[in-house]
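Here's the structure we're looking at; comments come further down.
Atoms considered below: every heavy atom in the structure, side chains included; atoms not considered: hydrogens, waters and symmetry mates. The model shown is predicted, which means the values in this text are computed figures rather than measured ones.
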Amino acid sequence: MKAKIFTLMACLFCAFAINADAQARKTPRHEHRRIAQGVKSGELTKHETKTLVHQKREIQQDKKLAKGDGKVTRAERKRIKREEKKASHNIYRKKHNDKDRS
């Protein structure tokens, strides 16, 4: 009985962690706002902005291709999620390095 409860608790924790990770990235619109805010505040250089926007555009194209055949496979979802996570990390890294627009 204790093992079943433990397993159930572990599953609920994992489900919550996965959902929390997805909420951290939110939407492409949220990522775009983060980039725009970095440009406005001078935290992002022109080259950094161009790189980030290009990366987000590639992710959107990958999503379109994955949906194109009518079924997004587990591997496609995993690859897209990994790309989104990497892009989000890149936005953070580029905004917090010591380069600025001035």
Calculate, to the nearest 0.5 Å, the distance between atoms [atom1] and [atom2] belonging to [X] and [Y] respectively.
{"X": "Lys56", "Y": "Glu84", "atom1": "NZ", "atom2": "CD", "result": "5.5 Å"}
{"X": "Lys81", "Y": "Arg74", "atom1": "NZ", "atom2": "CZ", "result": "12.0 Å"}
{"X": "Gln37", "Y": "Ile91", "atom1": "CD", "atom2": "CD1", "result": "11.0 Å"}
{"X": "Ile59", "Y": "Glu31", "atom1": "CD1", "atom2": "CD", "result": "8.0 Å"}

Hey, are Gln55 and Lys86 close enough side-chain-wise for a donor-acceptor pair under 3.5 Å? no
List the atom of [X], the atom of [Y], and the distance in Å for their closest heavy-atom pair.
{"X": "Thr49", "Y": "Ile35", "answer": "CG2-CG2, 4.1 Å"}
{"X": "Lys95", "Y": "Arg34", "answer": "NZ-O, 3.4 Å"}
{"X": "Asp69", "Y": "Lys71", "answer": "OD1-O, 2.8 Å"}

For atom CZ of Arg29, is the number of surrounding heavy atoms from other residues, nucleotides or ligands below 6.0 Å larger than 12? no
Salt bridge (Lys or Arg N to Asp or Glu O under 4.0 Å) partners of [X], counting only residues at least two apart:
{"X": "Glu83", "result": "Arg79"}
{"X": "Lys94", "result": "none"}
{"X": "Arg77", "result": "none"}

Residues pairing under ring-ring contact (aromatic ring centres under 6.0 Å, His included) where one sits in residues 41-95, two or more places apart or in two chains, turn out to be Tyr92-His96
Can you name the residues that form a side chain to side chain contact (heavy atoms under 4.5 Å, CB included) with Lys50, not counting sequence neighbours? none
Holding to side chain to side chain contact (heavy atoms under 4.5 Å, CB included), I want the full list of residues that pass it with Ala66, two or more places apart in sequence or in another chain. Val72, Glu76, Ile80
Find out whether Arg57 and Gln60 are in side-chain contact, i.e. whether some heavy atom of one side chain is under 4.5 Å from a heavy atom of the other. no
